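Since the model is a prediction, treat every value here as computed from it, not as a measurement. Atom set for the values below is all heavy atoms of this structure, side chains included, hydrogens, waters and symmetry mates excluded.
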Amino acid sequence: MSSRDSVQIPDDRDFDQFRTECNSEAGWHLTYHRSGIAVWIQMLEAEKSLQKIKCRMDCKDISAEILYDVLHDIEYRKKWDTNVIETFDIGKLTVNADVGYYAWKCPKPLKNRDVITLRSWLPMDSDYIIMNYSVKHPKYPPRKDMVRAVSIQTGYLIQGKGAKNCSLTYLAQVDPKGSLPKWVVNKSSQFLAPKAMKKMYKACLKYPDWKQKHGPHFKPWLYPEQNPLASLALSDLSIQHADSLENIDESSLAEGKEEPRAEGSDEDSVN
């Protein structure tokens, strides 16, 4: 799945390969293991900031079905994901594949990134997989105020462990398009990734109550007939190759200070 010449919708074999890689330990370096969360990295090119990162979290008192819904629900993501700048769906390809836009905040003083991806999903027995890779869409070229990153392969594996427990594995191979300082790589694996997983866990605990007040029966990822998106043709899209995008050298930037959060602005308060 990592070297594509054309835009294709993943098939069962691609989902199987993704699940196998999520469960594999070979070639991974454990960098964090605490409170039910583990993080591994796999450096691919020492000279660049290209790496794979894998995070796994045990989710107690959360069913696989709820976690799957939270990862899909774009309106809820806007509530709990404090890293999101803007996110929206562009169009649907099939009953289990669409194209979307996501822009996120990067640690200061780095430039913020955005990405356009082809996303696909599939329930597999008691497991669920959501995965994506970068594509180009003619109506959404790179923005001047963002660095267009490239998702080579990113996704989630949810594994059900009974009625109320599951585990979540996040696997990402992303080219951030730029020479990043080493503190960014270290901060990602030691701080940012575990923090993001904990935030997602708290969001899952609050999701059932939130969803009851916000279209409780609207779940187009489960019920394709509810999907309001316009259809896209694969011919509208092309592969987003990293070498066609501008490289930004941020390797010399020192880590900036995080802005203090105002009282009462806790991201955990989802209403």
The salt bridge (charged side-chain N to carboxylate O under 4.0 Å, His left out) partners of K92 (sequence neighbours excluded) come to none

Besides Y102, the hydrophobic cluster formed by Ile, Leu, Val, Met, Phe, Trp and Tyr side chains linked at under 4.5 Å, directly or via other members, contains V84, W104, V115

State, with a plain yes or no, whether a side-chain heavy atom of S167 is found less than 4.5 Å away from one of M57. no

If we only count heavy atoms from C-beta on, is the I53 to Q173 side-chain gap below 4.5 Å? no

Verdict with supporting geometry, Q153 and E21, side-chain contact (heavy atoms from CB on, under 4.5 Å): CA-CA 11 Å; Q153 178 76 80; E21 185 164 14; 5.6 Å; no

Contacts of type salt bridge (charged side-chain N to carboxylate O under 4.0 Å, His left out), residue D125, not counting sequence neighbours: none

Output for pair (C204 SG, L67 CG), nearest 0.5 Å, gives 4.5 Å

Grab the two heavy atoms, one from C59 and one from Y201, that are nearest each other, plus how far apart they are. CA-CE1, 3.9 Å

For the pair M131 and S120, evaluate side-chain contact (heavy atoms from CB on, under 4.5 Å) and give the outcome as yes or no after the intermediate values. CA-CA 6 Å; M131 59 187 189; S120 52; 4.0 Å; yes

Any side-chain heavy-atom pair of V135 and V99 under 4.5 Å: yes

Measure the CD1-CG distance between I74 and D81 for me, rounded to the nearest 0.5 Å. 11.0 Å

For Y128, all residues meeting ring pair (Phe, Tyr, Trp, His ring centres under 6.0 Å), sequence neighbours excluded: Y68

Which Ile, Leu, Val, Met, Phe, Trp or Tyr residues join L229 in one cluster when any pair of side-chain heavy atoms under 4.5 Å counts as a link? none

Under 3.5 Å, is there a donor-acceptor pair between the D73 and Y207 side chains? yes

Y223, OH: over 12 other non-hydrogen atoms inside 6.0 angstrom: no

Which residues satisfy the side chain to side chain contact (heavy atoms under 4.5 Å, CB included) test with N23, sequence neighbours excluded? R19, R56, L157, Q159

Verdict with reasoning, E86 to R143, per salt bridge (charged side-chain N to carboxylate O under 4.0 Å, His left out): CA-CA 13 Å; E86 185 179 9; R143 293 166 45 168; 3.1 Å; yes

Say you draw a straight line from CZ of R148 to CG of D114; how long is it, rounded to the nearest 0.5 Å? 4.0 Å

Do any N or O atoms from the side chain of S151 and from the backbone of V174 form a donor-acceptor pair under 3.5 angstrom? no

Could you check if a side-chain atom of L30 sits within less than 4.5 angstrom of a side-chain atom of V39, using non-hydrogen atoms only? no

Residues C166 and G160: closest non-hydrogen pair is CB-CA, 4.1 Å

Would you mind reporting whether D98 and L118 have side-chain heavy atoms less than 4.5 Å apart? no

Check the side chains of K54 and T169 for a donor-acceptor pair under 3.5 angstrom, ignoring hydrogens and angles. no

Where do I130 and R119 land on the side-chain contact (heavy atoms from CB on, under 4.5 Å) test, with the steps shown first? CA-CA 7 Å; I130 305 171; R119 185 181 62 150; 3.9 Å; yes

Does any non-hydrogen side-chain atom of M146 lie less than 4.5 Å from one of I85? yes

Look at the aromatic rings of Y76 and W210 and report parallel, tilted or perpendicular, splitting at 30° and 60°. tilted

Could I get the full list of side chain to side chain contact (heavy atoms under 4.5 Å, CB included) partners for I9, not counting sequence neighbours? L93, T94, A97, L234

After noting the C-alpha distance and the side-chain angles of D69 and W221, does the key distance pass the side-chain hydrogen bond (donor to acceptor under 3.5 Å, both in side chains) rule? CA-CA 8 Å; D69 287 350; W221 51 93; 2.8 Å; yes

Would a 4.5 Å heavy-atom cut-off, applied to side chains only, mark L171 and T154 as touching? no

Can you tell me which residue pairs pass the side chain to side chain donor-acceptor pair (under 3.5 Å) test with a partner in residues 225-236, sequence neighbours excluded? none

Are F218 and V70 connected in a single hydrophobic cluster, I mean Ile/Leu/Val/Met/Phe/Trp/Tyr linked by side-chain heavy atoms less than 4.5 Å apart? no

Y140: partners by ring pair (Phe, Tyr, Trp, His ring centres under 6.0 Å), with sequence neighbours left out: F88, H137

Pair listing, ring-ring contact (aromatic ring centres under 6.0 Å, His included) test, anchored in residues 147-166, at least two apart: Y156-Y170

Can K105 and R113 be said to form a side-chain contact (heavy atoms from CB on, under 4.5 Å), step by step? CA-CA 7 Å; K105 300 172 189 172; R113 261 67 177 175; over 6 Å; no

Please identify each residue that fulfils salt bridge (charged side-chain N to carboxylate O under 4.0 Å, His left out) with K164, with sequence neighbours left out. none

Give me the atom names and distance for the closest heavy-atom approach of W40 to W28. CB-CE3, 3.6 Å

Taking all non-hydrogen atoms of both residues, which atom of L168 and which atom of M200 are closest, and how far apart? CD2-SD, 3.3 Å

Nearest 0.5 Å, what's the CG-NZ distance between L205 and K60? 12.5 Å

If every non-hydrogen atom of P10 is compared with every non-hydrogen atom of D14, which pair is closest and at what distance? CA-OD2, 3.3 Å

With sequence neighbours excluded, residues passing salt bridge (charged side-chain N to carboxylate O under 4.0 Å, His left out) with E75: K78

Please report the shortest heavy-atom distance between A193 and C55, naming the atom on each side. CB-SG, 3.6 Å

